Structures are given as C-alpha cells and as structure tokens.
Engineer: 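Mind looking over this structure? Questions follow.
Note that the structure is predicted; figures quoted are calculated from it, not measured. All ligand and atom numbering here is 1-based and tracks the order in the structure.
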Amino acid sequence: MAEPLHIEPAQATGVQSRRLILIAWLFSAIIVLVLLFTYYGIGLLSAGRAYVGGEGLWSKAQKDAVFALGRYTRYHEESDFDTYRAALDVILGDRQARLELEKAAPDLARARDGFLRGRNHPDDIDGMIGLFRHFRHIPDIDQAIDIWTRADAMIDQLMALAARVRASAQAGQVDNGLVLAQLRELNAINERLRPLEDDFSATLGRAARTTKVILLAVLFMGAALLLGAAILFSRRMVRQSEQVERALRQGEQQLRRLLQFAPLPIVIVRSSDNTILFANEHALKQFKLEAASLAISRPADFYLRNEDREALFAHLRQHRSVSDWEVRMQDAHGIPFWASMSCQCISYDGQECVLTALNNIELRKRNQQELQRRAFYDELTALPNRAMFMEALDDQLARNAADGGTFALMFIDVDRFKIINDELGHDAGDKLLQEVAARLTASVHETDLVARLGGDEFVVLVTEKTDTDFVNQTARAIMAAMAPNFHFDRHEISVTISIGISCYPHDGVDLMTMMKNADVAMYRAKERGRNNFQWYGTQRRVARADA
Ligand SMILES: Nc1nc2c(ncn2[C@@H]2O[C@H](COP(=O)(O)OP(=O)(O)OP(=O)(O)O)[C@@H](O)[C@H]2O)c(=O)[nH]1
C-alpha cells in the first residue's frame, strides 16, 4: 500500500521529534532528582525534629527522676523510688539505642527497642536511626552525640547516688546530715545536667537550620536550572519551528509552481468535503472552469457516471493511489471525454487530500474504436465482416452445445454479379452490394445476424426459430426482398440470389463444417438454376424460391 505523500519536510520533523523526546527526558530527570532530594531533605529535617522531641522527653524524664529521687531521699517512700526508676528507664532506653548505634555492626532491633523505651514515636524511629548512622560525621551531629554521651555519664553519677540513697534507706539510717549531703549531691548533678541539655538542643537546632538552608539552596538551584533549561530549549524550539515553517512554505510554493506549470491537468481535492483546493491552468482549460468558480465546483459533477467515480474511490481508499485509470468524464459544459487518471492521497496544507493528474485520451480512444470498427465491420456495406461473423458463430456453437438449442446458417451469393461489374462498372457493383445488404437486413428478423463475408457473398444466422417452415419462410422473404428491380443512374436491373442452408446440429457441430455445408448447399442452388435456396441435409432439399 502506498504511503500518503507528505508535502511537509519529513527530515526536519523526524529530527525535531527526537530532540523533543530528549528534552522531555532531561526535564523529567531534573524533576525526579529535585523530588528525591526534597524527599530525602524532609526526612532529615523530620529526623532532626524527632531528636529535639526526644531530647525534651529525655529532659523531662531526667527532671522527674531527680525530683522522685529527692523525695525518696527525704521520705523513703517506695512509690517515689518506683517513680524514679520509671523516669530513669526513658533515659536508659535512649542510652541503649545510642550505644547500639555507636557499634560498627549495630543490632537495629535493639536500637529501635531503646528509642521506644525512650518514648519516641514509632514512626520517627527509622529516621532517627538513619540520621545517627549516616550523618554521624557531620560536626553538629557529632557534637550533639558527644553531649548526649557526657549527659549519660552524669546519669551514671545519678544512678550511683540513687543506689547509695536506697542502701541507707533500706538500712534504716535517718541521719539528717546524711540526707542533706545526699540532697546537695543530687542538686549538683541536676545543675551539671541542665547546660548539657541546653547544648544538645542548641546543637541539633543549628544542624536543622543548616540542613534547611542547604535544602532550600538545592531546591532553588534545581528550579533555576529547570527554568534556565526551559527558556533555552523553548527559544531553540521556536527558532527551529520557524525554520520548519519557512521550509514548509517554500516547499509548498515550489510544489504549487511545479504543479502550475506541469504539462497536464492537475487537481487537488480535499477528502473531507470534496472541495477543490487547487487546479492548474491545464485543468481549468480541460474542464472549462474559471479559477474563481473552483471553490463551488463539485468534483463529482465531472464524472459522466457516478458508478465509475465510486469504483475509482473504492480502489483509492484501499490502495491510497491509482494509476492510469481510464474513465469517462465531462467538462463544465457537459462535453464528455475519455481521461486516463492517476491519483495519490497526499497531505496538503496539513489536510488529507487527493492529488489527481489526468490525461485526455479522447483521441486515442476514438482511434481505438475506429480500428475496432474496421477490424469487425465491412467498409462498403457497414455490415459485420467475416471476422466478426466467425466470432458470433463460434459463440452460438458454444451456447447451443451447452443448452442443446439449434440454429440455421444461410450462405447467400449474388447470381452473376461479375456481369454487373463488367457491364455497369465496379462502382455500380459496389452500389448494388450496398443495396443488397440493406434489403437483406430489412428482410430478416431482429435477432438474425447479417454479415458480408466478402465479394458478393453474404451470410445470415437465424437463431430465433429453426423449424423448416420458419427457415423456409425467412429464405423466401430474403429472395422476395431482392425481387424489385435495382436502379443505378439510368440503369434498371434485376438481381437474384442463391441461398444454401445448413442447420445445427444436423449438418455439422463445428464452425468449419457448418460453413462448408452451407456453401455446398449454395452451390447446389446455383447448379439448380440459381434464384433458389437449398438445404444441405437431403431430407430438406425441397425448397425453391417459387415453392
Ligand atoms: N464491385 C465490386 N465487385 C467485387 C467486390 N469484391 C469482389 N467483386 C467481384 O465480384 C465478382 C464475384 O463473382 P463470382 O461470385 O465469382 O461469380 P458470379 O459472376 O457472381 O457468378 P455466380 O456466383 O456463379 O453466380 C467478381 O467479379 C469480383 O471481382 C467488391 O467489393 N466490389
């Protein structure tokens, strides 16, 4: 199937679409990178926020522990010691996580368990673990962990003090001096912890702010990169599409010029509504159209028969092109002519169209018809000639062989025609032959075929009925038609004919036998004194003109 012809420069559009794909990929890659970075950055900020929250819980637990231990030191109430232990568990949970994550191959489940004990939100724990492990080398993070470690050392002192307070309480020592000393020591530990907690929060806050700045900077850079690339590419694309448009316009102008000056009629018709978009000078002349009336002309009106047009378009729809399609057309004045058309589906002005180039072949067709007429008709009498008669006889034989029908063949020869030629001249002989042909045609039935074999020999094929009476009647009618005298110039002459008849299938079943036997019967008629007709078959040799 032929591809539609595109007038647009195909090379340019191919390169352009490849470039567009590349640009789309590039932009997608930048956007994906920025998104990934944002996701990762937000994760980091969230983990930082979780540590700050965790530090709050840690500080509160530490305060609760100190407060409960202070009460226990004073009143030795077991519930105060339980409160102390519960608060301490938060701090020890965070410590468990930290110690685990400090290891080269940490047990992450244990670290997670530690953070859970530290009352951190389960959703934050993965981020906290990730931040600890992957950003440990960042100075602010490293410093925060160092503060945490130092605070844990203070917690060890707190725990040692708690153990001593517990031991003296269980031993029942209620020495006021000892209690006072223990409370003072507790207070000192608490005082040393406070700045560490502040430092931890401040360090993490600084880290979060730095991360935020880096994140924003990268986001702005990504956006600026995207914007710059978009401006660059769009400027380039605008330039390119201007170039393509220019090339397109030039291509169209060239095509129009080419079509305009092409040495044969060319028409472009829009497929959607059959509007003629273009017709060159030759087409206007061929169809006798004005350029101004093109838009309102309907291409269908130029086809002589609508069926021809439909057949042509059915072929065109299937194959997208048609070449040397011969069709009868007509111009705007209704004058018909034969055209040989070649059509091609094209994209013209961005629209689906059909380009048609046609050749007026009226003269060639007429010559063809004339040659055909000469090949099958007798010049002198205009009757079918021997060739055509033989074809018709052959067809008749084939038909009757199939359907079992019959027909009669009459072989007719003008009697003593030579004398007429000799005495009145060849021209008179010709006129006589024309008159004989006319009388023959007028005397037979419409379905009978009359032909001239050559010279003064004629044949009649009788197909309507073939019973003896009917054929005899036909032969008599022919002879009766010859009876009136013929008039040429000042001459009046009487002409007779002899007829031989063969009948299918009695007298032959093939062409040559049928012809030969009719000829034999005609000679028999000549022998019997001319001006009569004879059947070839013996049982029918009965008829005479006067019978
Ligand atoms: N005028 C004219 N004569 C022709 C033409 N073709 C053949 N003839 C002549 O027709 C004559 C045919 O004569 P024949 O059929 O042989 O003899 P006939 O004189 O008709 O005698 P019978 O057939 O025996 O009755 C010949 O003289 C041919 O030259 C033609 O086209 N025009």
Engineer: Of the backbone atoms (N, CA, C, O) and the side-chain heavy atoms from C-beta on, which set of E457 has a member under 4.0 Å from an atom of ligand 1: side chain, backbone, both, or neither?
Structural biologist: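 Neither; nothing of E457 gets under 4.0 Å from ligand 1.
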Engineer: Please write down residue, atom name and distance for the protein heavy atom closest to atom 24 (O) of ligand 1.
Structural biologist: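 Going by distance alone, atom 24 (O) of ligand 1 is nearest to R530 NH2, 2.9 Å.
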Engineer: What do you reckon, does D415 have a nitrogen or oxygen under 3.5 Å from a nitrogen or oxygen of ligand 1?
Structural biologist: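 In fact, backbone or side chain, D415 has no N or O that close.
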Engineer: Using a 4.0 Å heavy-atom threshold (strictly under), name the region of D430 that reaches ligand 1: side chain, backbone, both or neither.
Structural biologist: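 Under 4.0 Å from ligand 1, D430 contributes backbone and side-chain atoms.
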Engineer: Among protein heavy atoms, which sits nearest to atom 29 (O) of ligand 1, and what does the distance come to when rounded to 0.1 Å?
Structural biologist: N421 ND2, 4.3 Å
Engineer: Going through the distances and angles, do K516 and D519 end up as a salt bridge (Lys or Arg N to Asp or Glu O under 4.0 Å)?
Structural biologist: CA-CA 5 Å; K516 192 187 87 205; D519 193 35; over 6 Å; no
Engineer: Please examine the side chains of F458 and L440, heavy atoms only from C-beta on, and report whether any two atoms are closer than 4.5 Å.
Structural biologist: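 Result yes, sub-4.5 Å side-chain heavy-atom pair found.
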Engineer: Within the structure, does V414 bring an N/O atom to less than 3.5 angstrom of an N/O atom in ligand 1?
Structural biologist: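 Among all N and O atoms of V414, at least one is under 3.5 Å from an N or O of ligand 1.
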Engineer: At what distance is the nearest protein heavy atom to atom 17 (O) of ligand 1, and which residue and atom is it?
Structural biologist: K418 CB, 4.4 Å
Engineer: Identify the closest protein heavy atom to atom 7 (C) of ligand 1: which residue and atom is it, and at what distance?
Structural biologist: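 Sorting protein heavy atoms by distance from atom 7 (C) of ligand 1 puts G455 CA, 3.4 Å first.
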Engineer: Heavy-atom pairs closer than 4.0 Å: do any link ligand 1 to the side chain of R452, the backbone, both, or neither?
Structural biologist: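 Answer for R452: side chain.
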Engineer: Around atom 11 (C) of ligand 1, find the nearest protein heavy atom and jot down its residue, atom name and distance.
Structural biologist: F417 CD2, 3.7 Å
Engineer: Side chain or backbone of D413 under 4.0 Å from ligand 1, or both, or neither, by non-hydrogen atoms?
Structural biologist: side chain
Engineer: Under 6.0 Å from the ring centre and within 45 degrees of the ring axis: does the NZ or CZ of R309 meet both conditions for the six-membered ring of F313?
Structural biologist: yes
Engineer: Decide whether a cation-pi geometry holds between R439 and F486; the criteria are a distance under 6.0 Å from NZ or CZ to the six-membered ring centre and an angle within 45° of the ring axis.
Structural biologist: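 Here R439 passes the 6.0 Å and 45° test against F486.
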